4 protein chains.
Amino acid sequence: MLRVALFGAGRIGQVHAASVAADPRADLAYICDPATEAATTLTDRFGGVPTTDIDAVMADESVDAVIIGSPTSTHVDLLTRAVRAGKAALCEKPIDLDLARVDACWAEIKDIPHTVMIGFNRRFDVSFRAIRDRVAAGEVGRLEQLAITSRDPAPPPDGYVTASGGLFRDMTIHDFDMARYFLGDIVSVHATGANLITESGDIDSAIVVLRSAGGALAQITNSRRCAFGYDQRLEAFGATGMLSAGNQLPTMVRYYGPERTDAADPYVGFFLERYTPAYRAELDHFLRAVEDGRAPSPSFADGRAALALAEAADESMRTGAVVTLG
Amino acid sequence: MLRVALFGAGRIGQVHAASVAADPRADLAYICDPATEAATTLTDRFGGVPTTDIDAVMADESVDAVIIGSPTSTHVDLLTRAVRAGKAALCEKPIDLDLARVDACWAEIKDIPHTVMIGFNRRFDVSFRAIRDRVAAGEVGRLEQLAITSRDPAPPPDGYVTASGGLFRDMTIHDFDMARYFLGDIVSVHATGANLITESGDIDSAIVVLRSAGGALAQITNSRRCAFGYDQRLEAFGATGMLSAGNQLPTMVRYYGPERTDAADPYVGFFLERYTPAYRAELDHFLRAVEDGRAPSPSFADGRAALALAEAADESMRTGAVVTLG
Amino acid sequence: MLRVALFGAGRIGQVHAASVAADPRADLAYICDPATEAATTLTDRFGGVPTTDIDAVMADESVDAVIIGSPTSTHVDLLTRAVRAGKAALCEKPIDLDLARVDACWAEIKDIPHTVMIGFNRRFDVSFRAIRDRVAAGEVGRLEQLAITSRDPAPPPDGYVTASGGLFRDMTIHDFDMARYFLGDIVSVHATGANLITESGDIDSAIVVLRSAGGALAQITNSRRCAFGYDQRLEAFGATGMLSAGNQLPTMVRYYGPERTDAADPYVGFFLERYTPAYRAELDHFLRAVEDGRAPSPSFADGRAALALAEAADESMRTGAVVTLG
Amino acid sequence: MLRVALFGAGRIGQVHAASVAADPRADLAYICDPATEAATTLTDRFGGVPTTDIDAVMADESVDAVIIGSPTSTHVDLLTRAVRAGKAALCEKPIDLDLARVDACWAEIKDIPHTVMIGFNRRFDVSFRAIRDRVAAGEVGRLEQLAITSRDPAPPPDGYVTASGGLFRDMTIHDFDMARYFLGDIVSVHATGANLITESGDIDSAIVVLRSAGGALAQITNSRRCAFGYDQRLEAFGATGMLSAGNQLPTMVRYYGPERTDAADPYVGFFLERYTPAYRAELDHFLRAVEDGRAPSPSFADGRAALALAEAADESMRTGAVVTLG
């Protein structure tokens, strides 16, 4: 049985706590959060000891792995300490808002044997994964164009936006990873943004165009607000066909009436509901990697690469020019 | 150029007048209707001479073909006279409400060389026809089950229902023909009806089950009223797959909002709008048959067979028993 | 914690064992099956003690509830004994193949306070349930026509068919229950069957028409074999609209190629995979009923009523006549 | 009756000739093409006099209107002469490949009263038009993001590409007009292209991002080759919902088999078939404008604006920078 310590008892912490509790191979050892009450609520339900003592968690040799779901600013420190303490780590995205800090973190850990995975949960979504596998199996020939639509149901509170590092680091970063999941290395980025919805000052609508090392083009459409729910779609266009992933529906029911026919249900909630099975599958992948001593995917390098794309998108939007990557 | 006389300047007469006018091979010679004003409105628009004189039309040797779109009670007489006058005839369904009169008509015309076609226009619908062709080509293997859904947008006026011979002779007769179009000879019928919608006294909701000579089963679902429009669908289930025809939509537009997603438009009008291209294709088939001297399809025998099924359905509904056909 | 004994370690037993193991409110006490190896395989995985001793299970006062997933011929006996032993019982369908035995069973248990539920799992399917709730909430007005399509992917072995009591008792019984779930009491039945697929001698294709006490008509289409997978659909047609439930898909992926566009995936497996969440929800409902002392639904009476419809269908098919119930 | 002269007896000339012949308000006066045989083939079928004499056509005072479907290089000359001769003109897109020549043409004609329309036929597609009308009616709130997918079934011959002025002037120009049809003035353009398919040297895959004066963002995805047919889609995302237009299907048939379920037909041909009704509606709009003396839409200015966007896209692709428009 793998003993897992969880950092962060917030929204995403709850998801991970439930996933660990539901997995027969793992037990929750600790839930560590300065907000003791939140941690206790989770340990009461899912097991483990609530704590605020990071040092104690890191020092407990019975802990095999940590899940880092605390605020972004704490990721690098916790990740570095976990690796030094010989623990496997599953760290939420982004690793940090600052690429320099990410690189410094890497310098610290790169020579220590480690199992580090970054929480790009969408790679584990059953539809996106099926498309990638079918593309890899040649079902639509060489991949030429990738279109990702990603819209949130409603904008976050204004304070959140600033702290989050902006649209590209906070929201698009998932889509950058998805583009890399399908296309591998990205060689250039162009970003166009607009502030159409919120008073936050940050852009809330964006279109980003990527060119991959292999020549394929990708396009990401983002919005912070979508009246018809959490809009998560993808089209993979290849030389001999196309595969698309539509939105997840809660039922297979269709409505027919005087105004609308063949109408589907409203979409499934927000990311926590939409990607529940993906979070489970992500944890499963992580635990297998820990058990087998294999390198998990997405890796630290994947986390860094997505952040580098977010930085490039910021620069492109500022200058209007295409930004070329390393 | 084929010269065509049209009997009947009502709803269906208008459709045929427009079809003839649009066809480069045919001209309207006469539009014959006791309602002179209605006939004149049509001849003003589509050509031809308005008349009330059936004898004159039948005597005009320049007339090659007649289209019989007048009330059902006049069909047998006009059909018989047209055949005797050596004219091809396209006669609306049903041939008559009474099978005995239909048989008497056949006795009159069967030994005279003739070109007679019955107006089961749905055989010319592009989707139904495509499915039949694909079934015939073996795409879904041997046909085992056929499901026909056929619902009108709104019930006819109460007077109409009585005059029409009831649901099975008036409305289901199209579906009986469709079942025969796919399955050939029908050997038994069972009908269940209910009066759920109107005050007419006649049934307005029905389910009819047919067994074909080849063993396949067919099922027809009818309603006189459908809140979401004219509902015309078909499923052909075979040993190796299924082909279905959904409803015709005016555009390919889909709506996404808070209550409904992926919602299609309301359906295309009633039969005159829904089957406009089918009426054109039907006329085209008739004119080709006239030009080439070939037997058109659906034939007089097809018209008789559908009426026989309607009679059997009436009897089955009355007795509760399966009715076996000759 | 509720202690549950499971009778039957076969296919359906596995589903129930997994459901109980996954439910935080229940523990497996025993898995009872003459095939010791099968029982042990399940207890090794899901907990509980493997046994062949029915008496011991019934005598164990710590057992709160039993799940009867053993062969149909054992249902009545186990159900009666469980009720006598004061245990709640969830019994798979059908209660028995013989209505007389079911009535005798009822005579035995009806005066003993009991919690008995019959395993019509489809009532717990998220799409069917949503439609029923929306119909009940008036979304499509008064329900007038119900269409149920229910086809298995492949016929069972020939031996199974005879033992199962034939198509109507074995397969259609689910659809009879679904019709009652939507329409309540059924007053008449007409059945048409055909042997198109197998060498079993039993019918393998059928269309059944039902009339409800409220006047609505229902139609069930069955086939023992479906080339495109487990086909489970429903249309609820009402005075102001329609709600339909399509088949469950494993992903939201669509394929576009030269021959087919907008093509969905093959359907989700057979009933064990298709209805996995429904089996879970069914168990949840049963456990709540046990905890709260409420009468579960579907009840013993529901199980009897579905069987009575199957008998009536058999008779109708034999005579060709409508069979009137109660 | 309006007398119409057609310049160009090629592919697009055939479409216009058929449209004129089918319209009860117009007659073909001339079909003018240096390829006399092609012109004669069309006049034999649709009426009018074949000719190679442009001067004679322009001098014929009985000619009310001209349709310019000849090679792009001849457009400006024919358009200018038609306006000078007092004839209305419907000119195919693009007006010219060179913006300077277009501006010179405008200088010539702007002070002469004229009726000039540019052939952006997609504005007359029933789905695109319906979406624009519904957006204008407020059905999805303020328009924030527009996504246009436009892919040809197969690349043109290599020679064509060079003569056509490249992807943006030849193919994307329709999408530029569509973006303007929905969003009005465009203030900046960024284009990304790739040569993935052909040996032509020109780009064959592109993503273009536009910003409108009103702040909305638009994105165009193009490919010169699409294995699943002519892919013409649009999504209009607004503050309160979204409207999308899918591809046109020849029938409503769906196929279900072991490998694919709910599979639609291959798409309708290429632009001549896909947009046949749009070409008819375009001609209808033009003839009404001629009859009523109203300014048709899309106007000369619309034709110039789309070309200006194509030039800006070329520049953006060359420099990697956003190009701002006047």
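Quick note on labels: first sequence line is chain A, next is B, and so on, each numbered from 1. These figures come from a predicted structure and were not determined experimentally. All values below were derived from every heavy atom in this structure, side-chain atoms included, with hydrogens, water molecules and symmetry-related copies excluded.
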- Please state whether the side chain, the backbone, both or neither of Pro250(B) comes within less than 4.5 Å of a heavy atom of chain D. backbone
- Task: Determine the minimum heavy-atom distance between Ser127(D) and Val253(B), stating which atoms define it.
- Result: O-CG2, 3.5 Å
List, one per line, each side-chain donor-acceptor pair under 3.5 Å for residues 38-47 of chain D, sequence neighbours excluded.
residue  : atom : partner  : partner atom : Å
Thr40(D) : OG1  : Thr36(D) : O            : 2.8
Thr41(D) : OG1  : Glu37(D) : O            : 2.8
Thr43(D) : OG1  : Ala39(D) : O            : 3.3
Thr43(D) : OG1  : Thr40(D) : O            : 3.1

- Counting only heavy atoms not in Glu259(B), do more than 12 sit closer than 6.0 Å to its CD atom? no
- Message: What I'd like to find out is whether the side chain of Leu249(B) reaches to under 4.5 Å of the side chain of Met252(D), using heavy atoms alone.
- Response: yes
- Among residues 231-247 of chain D, those lying within the under-4.5 Å heavy-atom range of chain B are Thr240(D), Gly241(D), Met242(D), Leu243(D), Ser244(D), Ala245(D), Gly246(D), Asn247(D)
- Over 12 foreign heavy atoms within 6.0 Å of CZ, Arg25(D): yes
- Given Glu139(D), Arg254(D), Arg129(D), the one with more heavy-atom pairs under 4.5 angstrom with chain B than any other is Arg254(D)
